[in-house]
Amino acid sequence: MRSDDALPVELPDTVREALLAPLIDHHCHGVRRDDLARGRFEMLLTQAGTPAPPGTTHFDTPAGAAVRRWCAPVLDLDPHVPPAVYLARRAELGAAEVNRRLLGAAGITTFLVDGGPGGPDLLSAEEMGHAGGASAGEIVTIEQVELDVARTAASGVSYISTLTQQLVSRAARAAGLTSSAAYRQGLGRDPARPSRGSVIAAATRRLAGPAERLTDPVLLRHLLWVAADVARERNRPLRFHIGYGDSAPDPHGGDPSLMIGFLRAVQPIGVPVILLHCYPFHRQAAYLAGVLPHVYVDVGLALSCTAVGSAAVMGELLELVPFHKQLFGSGGHGVAETCHLGALYYRRSLARALSLRLAADEWSVPDAARVAHMIGSGNARRVYRL
Amino acid sequence: MRSDDALPVELPDTVREALLAPLIDHHCHGVRRDDLARGRFEMLLTQAGTPAPPGTTHFDTPAGAAVRRWCAPVLDLDPHVPPAVYLARRAELGAAEVNRRLLGAAGITTFLVDGGPGGPDLLSAEEMGHAGGASAGEIVTIEQVELDVARTAASGVSYISTLTQQLVSRAARAAGLTSSAAYRQGLGRDPARPSRGSVIAAATRRLAGPAERLTDPVLLRHLLWVAADVARERNRPLRFHIGYGDSAPDPHGGDPSLMIGFLRAVQPIGVPVILLHCYPFHRQAAYLAGVLPHVYVDVGLALSCTAVGSAAVMGELLELVPFHKQLFGSGGHGVAETCHLGALYYRRSLARALSLRLAADEWSVPDAARVAHMIGSGNARRVYRL
Amino acid sequence: MRSDDALPVELPDTVREALLAPLIDHHCHGVRRDDLARGRFEMLLTQAGTPAPPGTTHFDTPAGAAVRRWCAPVLDLDPHVPPAVYLARRAELGAAEVNRRLLGAAGITTFLVDGGPGGPDLLSAEEMGHAGGASAGEIVTIEQVELDVARTAASGVSYISTLTQQLVSRAARAAGLTSSAAYRQGLGRDPARPSRGSVIAAATRRLAGPAERLTDPVLLRHLLWVAADVARERNRPLRFHIGYGDSAPDPHGGDPSLMIGFLRAVQPIGVPVILLHCYPFHRQAAYLAGVLPHVYVDVGLALSCTAVGSAAVMGELLELVPFHKQLFGSGGHGVAETCHLGALYYRRSLARALSLRLAADEWSVPDAARVAHMIGSGNARRVYRL
């Protein structure tokens, strides 16, 4: 964070300092290490799975406008430069320097980075930390581990043992575990831990076919329960991508309130569960965090995607969420702009919310500062035992 | 209402007076008569069903911050005192005095109080009125009546006749009837009045087992239709808990738009139906109130739970709701703080909404004052025939 | 647009001019040509299907207040006159003059008017243009075409051929095609193009009964796919009524995210799909417009129905929607007030959104003006090839 001019409102010193203090970004992904052509950059900046229609550009989105406004100056450009100028300067500096600048200026002290199928084009957790002048931790994406096991296991029985072994071994050096696919299967219907027999049968079927993304509901539930066991044993949280944070879900099925059955079933285990992104179901997520002692939330990618609109999103999350249950996560991925804007709009939107509460004589200044510290880093320190 | 400093905005005198005029709280529950230990108080203040995780407190919620800000001065404390100080003062004054102060300062002229399984620890309707210096009326919770009948009926046939008798007899001295469980069963699927034969069969099954909370869909529908008949005969409304107002529902099933089938089926009977709480489905509820002549809404407990966030909730409700269809209800329950804050945030959030409309040259001052009177008490007088 | 005092905020000249520039209303319906009694007027002004309860009036709604505030001066009355005065003046001027004034003062250069079963009481597209001093185009309502075919076809086989012929012939002189009923059937379950055999069988069943509104899911899917083919051939968009824009839908089924299967299935055809109204699912619609290259959105009738609340609705739509994917449509229908208020609240709500972005140093002035031109007319010109 280069200066406090990123905050859109006047605030008492302690509150401003709390907002500008280093953040723990508990949830991001690696960004690309290579230079990107315009079409690829536009698709990584937004959730669109295809190029913009002829005559249009994905820069004409809230996120695109935010890149031109806020990232351009980090690359020594004027605010609001045209996309072509921004991308030319990006190419001129090179991806390594761009990543270093944007991540470094985000004011983040720790990145927790989701592993996944990104491959060698994405910075690793360690590299993210190095680029951003921060420490870093890894998060295990459980569907990725399962896919590796499905590609190598010799039988349904060995699938089970290998999956557990792999999750245990991967979790041993990780800060937490993430499911990126679970909510797609309608957890509401049958959240119970499946029987060993049904898992062996389903795994045998899976091994007989090509090893593609997991869709079998029995195996998915098995994976979640094993992950919950492993997370508990390691004292780490289990996290779920929720809502519109992913580029290709069934959008109707992303409502976290559909997960209530699983959330209640897993509650006795005692593992913290974190709901990621959540937009546009963040009110539902805030409710779950309010009534279930083990549930936490962030609005992740909604911060950079909605950009100036993030003030309303943050406001809605704060309607119900307990202050000790909200985390900062940029949800950043693909390009460092998303991490940078995630941090920036987290600060800007929370600044607005706190300013409103102070101006309306609703909160005290010390409380406002304390809550900013909790959400920005304190809660993550507690939940991840950092 | 001790003073108008509870309103966060400048308003013309007639509008301010309309907002500060005595309210009819058409929907609250009894509050505890006994002194409460901290853990119990925290759980009654929020919707959480369990204590806050170690190292955290349910005071770190919007409602908790609001108690420290607004209720503390009613107990002669400074705003924003720490929770321990608040609770020590609460214990020092004793529950009777605390209830008297908080209910009395809420500026409420009539409390309509849901009966229910609270038992002797909760103030009765009459006691609520006495404590708050107000009149009071009782609301029959129909699931409670059904449970009493299920515990005593000798046969399926007598279940039917006793249930009707009991509802008639209880409704004779009540201001209305409330269902606290109906929406959980998916009314959308089959809203029709069940046949006598199917009710006898289902009642016979119910009587054969332990008398627990009603979940049988046939009996629930039967209960609703009998309640609608009784309500019509007594010229009283039938009310439904909706959305997140209850501590343990299927949150996805709380959407009142799922009730459209039942709402249309019951429309010819001519009984007013009131949707309570509704958050986060208050837009859906406002729509139903707009297109169905017998449907009314409040945002109940969302006022005190979202606290400073209630301005946005009220704003969203006002997007579609006809002004003659909205009621004030605090949704208060358990502790008098919830009633007090319900009234306070009702006034504060409506004050903001009216102020915006006046500042934008959208509404006239007389209209703003008139609508405040309608929502605050006029509509309740009409619907309940008070 | 008679003057810029309809904008509630100060804006730089270029932005104000962009907002006040003539709009393309890509989506409205004909308004009544005859004088209307008060009861009929109230029902056309709102979505209510019945008169207001005794002692109340549909004027006590956001839309009713807006008519008194904004339409009264167009009829030479003071703002906020009582409903009776407004309606007396309306009768005095006569419907033709009222339509001429309200449509003319809306600042619209082109009306695209949905055909439908309105009959001779509604102005045709040509008449709408004439009354409003604008050009006009027709939109084919595909369910209306299907109903005509169902009333005359001699067999299931001729149903298929006649339906295609009729859609081709009607589309030849139209600007686009609209489905007003599709989303009611749960497109999410089976979006695929049905087989010819299954269509013949279903059509044979339909022809055997009375020709009422189409509800058969196979025939509805067939209709949509034929309409998509015809739209592609004519380079015209296919549009869907979504959310609460219709007076009698299953409100829960109006969520456009339920259409994801159909939207993806139709994507390869290359026809633009426009989601109309969308409230209260406009965030879902904005997401779909962001991730699917062929999807566009408006908030139509939500503008005039929510009136002063439209600022929040517009703000939520702008959280995610690409600027090249949003269109202005008043959704007006029945009475010219709805078209007038649609345009007025479009301008007022977008003015607020742009003003916020400028004040927060988020957008540049040229970008704000450019986006206002895109949404107000540019995008419609491109999508409809006007």
Side-chain angles (χ1 to χ4, degrees), chain A residues 188 252-253 255-261 263-264 267 270 272 280-296 312 314-326 353-354 356-368 370-371 374-375 378-379 381-383, chain B residues 5-9 42-43 46-66 68-70 78-82 243-255 279-282 301-302 305-313 315-316 345 348 351-352:
Chain A
H252 200 67
D255 182 343
S257 67
L258 293 168
M259 290 179 67
I260 187 81
L263 292 174
R264 288 196 195 283
Q267 181 175 349
F281 307 109
H282 42 288
R283 279 172 161 165
Q284 283 83 339
Y287 168 76
L288 295 170
V291 298
L292 295 171
H294 58 311
V295 174
Y296 295 78
M314 177 68 76
E316 289 178 1
L317 185 68
L318 289 171
E319 285 169 6
L320 273 191
V321 71
F323 314 140
H324 52 277
K325 291 298 198 77
Q326 182 181 349
L354 297 178
L356 280 172
R357 281 151 179 76
L358 295 172
D361 193 20
E362 288 272 358
W363 284 21
S364 71
V365 168
D367 277 332
R370 187 173 62 90
V371 168
M374 290 168 75
I375 305 178
N379 293 336
R381 263 184 245 286
R382 191 180 75 248
V383 177
Chain B
D5 67 359
L7 300 187
V9 284
E42 289 199 12
M43 284 169 64
T46 63
Q47 300 297 299
T50 55
T56 70
T57 164
H58 289 318
F59 269 98
D60 271 337
T61 55
R68 292 169 50 222
R69 168 62 188 92
W70 297 108
D78 287 334
H80 313 301
V81 290
Y244 293 176
D246 199 356
S247 62
D250 161 21
H252 200 67
D255 182 343
Y279 184 91
F281 306 109
H282 41 289
L301 204 48
C305 283
T306 65
V308 59
S310 59
V313 176
E316 290 179 1
Y345 282 109
R348 285 176 72 81
R352 274 196 192 282

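Labels below follow one simple rule: chain letters A, B, ... track the order of the sequence lines, proteins then strands, and each chain is numbered from 1. Since the model is a prediction, treat every value here as computed from it, not as a measurement.
Using a distance-only test at 3.5 Å, with no hydrogens or angles considered, no donor-acceptor pair links the side chain of Arg348(B) to the main chain of Ala311(B). Between the side chain of Gln326(A) and the backbone N or O of Ile375(A), no donor-acceptor pair lies under 3.5 Å. A donor-acceptor pair is defined here as one N or O able to donate and one able to accept, closer than 3.5 Å; such a pair exists between the side chain of His294(A) and the backbone of Leu263(A). When atom types are taken as modelled, the side chain of Asn379(A) and the backbone of Met374(A) share a donor-acceptor pair closer than 3.5 angstrom. Looking only at distances, a side-chain donor or acceptor of Lys325(A) sits under 3.5 Å from a matching main-chain atom of Val295(A).
Using a 4.5 Å cut-off between heavy atoms, Pro62(B) contacts chain A through both its backbone and its side chain. Both the backbone and the side chain of Asp361(A) come within less than 4.5 Å of a heavy atom in chain B. Contact of Pro79(B) with chain A is not made at all, since no heavy-atom distance falls under 4.5 Å. Looking at Ser310(B), there are no atoms closer than 4.5 Å to chain A (heavy atoms on both sides), in backbone or side chain. In this structure, chain B has heavy atoms under 4.5 Å from both the backbone and the side chain of Leu320(A). Proximity to chain B is limited to the backbone of Val321(A), based on heavy atoms less than 4.5 angstrom apart. Residue Gln267(A) touches chain B through its side chain alone, counting heavy-atom pairs closer than 4.5 Å.
Here Tyr345(B) contributes atom OH and Arg352(B) contributes atom CZ; the two are 10.5 Å apart, rounded to the nearest 0.5 Å.
Heavy-atom pairs under 4.5 Å with chain B peak, among His324(A), Arg382(A), Glu362(A), at Glu362(A). In terms of heavy-atom pairs under 4.5 Å with chain B, the best-connected choice from Ser364(A), Gly290(A), Pro366(A) is Ser364(A).
Remark: Arg357(A) does not engage Asp367(A) in a salt bridge, criterion side-chain N to carboxylate O under 4.0 Å.
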